[in-house]
Number of protein chains: 2
Amino acid sequence: MRNDEEYEQPTKAAIAQRHRKIGPLSRRFFQVYLGLISEALAPFEMDPSFYSLLVELHERPGIDQRRLGEALGIDRTTIGQMVDELDHRGLISRKVHAQDRRARILSLTSKGDALRLQIRPHMLRAQAQLEAPLTPEERGTFLELLTRIVVSNLDKESTGGFRRRKLRPKEKGGG
Amino acid sequence: MRNDEEYEQPTKAAIAQRHRKIGPLSRRFFQVYLGLISEALAPFEMDPSFYSLLVELHERPGIDQRRLGEALGIDRTTIGQMVDELDHRGLISRKVHAQDRRARILSLTSKGDALRLQIRPHMLRAQAQLEAPLTPEERGTFLELLTRIVVSNLDKESTGGFRRRKLRPKEKGGG
DNA sequence: ACCTGATGATCAGTATACTGACTAACTATC
DNA sequence: GATAGTTAGTCAGTATACTGATCATCAGGT
C-alpha cells in the first residue's frame, strides 16, 4: 500500500463535501437505489426495469407498448424485448388491440401479478432503507421537492436512457 | 386517434401522483439531468461521464485509474476505455506511477483543462435549469437531504453502473 | 533470491440497449 | 377505394459497458 502522499479512500464527509452538486448527486442517488433493489430482486430473476414494468402494468392495465415505454422512459425497441421476455415467462399477456391492430394490449397475468405481490415487500424494504437517513418529516419534504424537479423538467428528459452517446463519429483507423 | 376509453398522455399532475415513490423518481431525476446536460455537452463531443471525469481529474490530479473509477462509480475496464479515449484526444495525460509501476497517474492536460473551463458555464446553466423549480431556500434543503441519503447509503451502491443484470442464465433454445 | 498472495491495468468475449430501415395498419383526403 | 402521410411494432446492425482471464508489479515471509 503506497501510503505516502497518495489518495486513500476519501472519507464519507469528503465525498459529501465534494459532491454537493446536484447532477453528480442524481447519478449517485440512482446508483445507490439500483444497488439496493437489485439485490432484493435477484432471487426472482428480476431487475429494476422489469419490476417497474410489472408495476406500471398493474397500474395501467391495457396500456400499449409505446406508451408503456414512454411511461418508463425506455425506448420502443427495448420495451419490445422486455415485453417479449416477460411474455415468454408467462408474466404478462399481449393481445392485439381490437380497434387498432397495430397495437399490442398489455396486461399482467395472474402469475405476473402474484410475482409482483411477492416482490413488493422486498421493494418496500429497500425503499425504506434508502429513506432511512431522513426523518419522516424530511421524507415528505424531500419527496415533494424531488417530484417538483422531475415533473417540471419532464419535457427535457433524455429519451434514450442511460447509455453514453456515440462520441467518435467514424474514425476509420488511426487515433 | 382512438380516443375512447384508451390512455392518452397522462397529465403532469397524474404523473406526479403516480410516481410519488422514491425509487422511480430517482430514475427520472437522473434521466432528466442527463437530458439537460447531454444537450449542453454534445457540441463538445462530450457526454456526462466524460465531463465528470474531467472534473474529477481537476479536483484530484494524480489519481490512478482504479480510484478514479471508484470515485465516479464506473468499473475499471470502462474507466480504462474512457481514459484511453481522452488520452488520444490529448485532454488528459497518463504516466506510470514512480513508486508503483502498475499504476497510471492521471491528470488533465492544459488542453483538457481549457475544455473543462469552456464547458463549465454550460453545465452550470443546465444545473440551474434543473433546480429552477425550487426556491433558493428549497435548493439548500433539497441538496442537504439528497446528500444525506446518498452518503449514508454509499456502501450499498451498485458497483456495476446502470446496465441490467443478466436474467436468462443460458437458455439454449426454446423458452 | 524465491515463492505466495494481492493489486493495477488490459484483453477477449459477451450482454444490453440503442439507431435506422422496414412492415403492417391506421387516418385523412380525394 | 386508392393514395399519401403517420404511427405501433419488429428486425438487423452497431455501440457501450460489463465479466472473467491474464499480465505485470508489488509486498510479505521464508
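Quick note on labels: first sequence line is chain A, next is B, and so on, each numbered from 1. Computation of the quantities below employed the complete heavy-atom set of this structure, encompassing side-chain atoms and omitting hydrogens, waters and symmetry-equivalent molecules. All figures in this text were calculated on a predicted structure; none of them were measured in a lab.
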Checklist entry - Is the shortest side-chain N to carboxylate O distance from Glu70(A) to Arg76(A) below 4.0 Å? => result no
Checklist entry - Base, sugar-phosphate, or nothing: which does Arg101(B) touch, judged by heavy atoms less than 4.0 Å apart? => result sugar-phosphate
Checklist entry - Over how many whole Å does the gap from Asp100(B) atom CG to dA27(D) atom P extend? => result 7 Å
Next on the checklist: Can you measure Asp84(A) atom CG to dT16(C) atom P for me and round it to whole angstrom units?
Outcome noted: 14 Å
Next on the checklist: Please pick, from dT25(D), dG20(D), dA17(D), the nucleotide with the shortest atom-to-atom distance to any side-chain atom of Thr77(B).
Outcome noted: dG20(D)
Checklist entry - For Arg94(B) and dT10(C), is the shortest distance between a side-chain N/O and OP1 or OP2 below 4.0 Å? => result yes
Checklist entry - Which is it for Glu131(B) and Ile22(A) under the side-chain contact (heavy atoms from CB on, under 4.5 Å) test, yes or no, and what are the steps along the way? => result CA-CA 8 Å; Glu131(B) 295 176 333; Ile22(A) 193 167; 3.5 Å; yes
Checklist entry - Mind checking whether Phe29(B) and Phe142(B) have parallel, tilted or perpendicular rings, split at 30° and 60°? => result perpendicular
Checklist entry - Within less than 4.0 Å of OP1 or OP2 of dT10(D), is there a side-chain N or O belonging to Gln65(A)? => result yes
Item to check | Nucleotide nearest Gln81(A) when distance is taken to its side chain, options dG20(C), dT7(D), dA17(C) | outcome: dA17(C)
Checklist entry - Using a cut-off of less than 4.0 Å, is there contact between a side-chain N or O of Arg102(B) and OP1 or OP2 of dA9(C)? => result no
Checklist outcome for this item: Comparing Ala98(A) with Arg76(A), nearest DNA chain C nucleotide closer to 5' gives the residue Arg76(A)
Checklist entry - After noting the C-alpha distance and the side-chain angles of Asp87(B) and Arg94(B), does the key distance pass the salt bridge (charged side-chain N to carboxylate O under 4.0 Å, His left out) rule? => result CA-CA 7 Å; Asp87(B) 189 15; Arg94(B) 174 156 52 166; 3.8 Å; yes
Checklist entry - Separation of Asp47(A) atom CG from dT16(C) atom C1', in whole Å? => result 10 Å
Next on the checklist: Walk me through whether Leu86(B) and Leu54(B) qualify under side-chain contact (heavy atoms from CB on, under 4.5 Å).
Outcome noted: CA-CA 9 Å; Leu86(B) 292 175; Leu54(B) 294 187; 4.2 Å; yes
Item to check | Gap between atoms CD1 and C1', on Ile79(A) and dC18(C) respectively (whole Å) | outcome: 13 Å
Checklist outcome for this item: Separation of dA9(C) atom P from Asp87(B) atom CG, nearest Å, is 13 Å
Checklist entry - dT16(D) P sits how many Å from Met82(B) CE, rounded? => result 11 Å
Next on the checklist: Using side-chain contact (heavy atoms from CB on, under 4.5 Å), reason through Arg89(A) and Glu45(A) one step at a time and then give a plain yes or no.
Outcome noted: CA-CA 11 Å; Arg89(A) 289 169 64 179; Glu45(A) 291 210 71; 3.6 Å; yes
Next on the checklist: In whole Å, I'd like the distance from the NE2 atom of His97(B) to the C1' atom of dC26(D).
Outcome noted: 12 Å
Checklist entry - How long is the span from the CD1 atom in Ile149(A) to the CG atom in Leu25(B), to the nearest 0.5 Å? => result 10.5 Å
Next on the checklist: In this structure, how many angstroms lie between the P atom of dT19(C) and the CG atom of Asp75(A), rounded?
Outcome noted: 6 Å
Checklist outcome for this item: Computed from five pairs at either end and rounded to 10 degrees, the angle between the axes of the helix from dA1(C)-dT30(D) to dC30(C)-dG1(D) is 10°
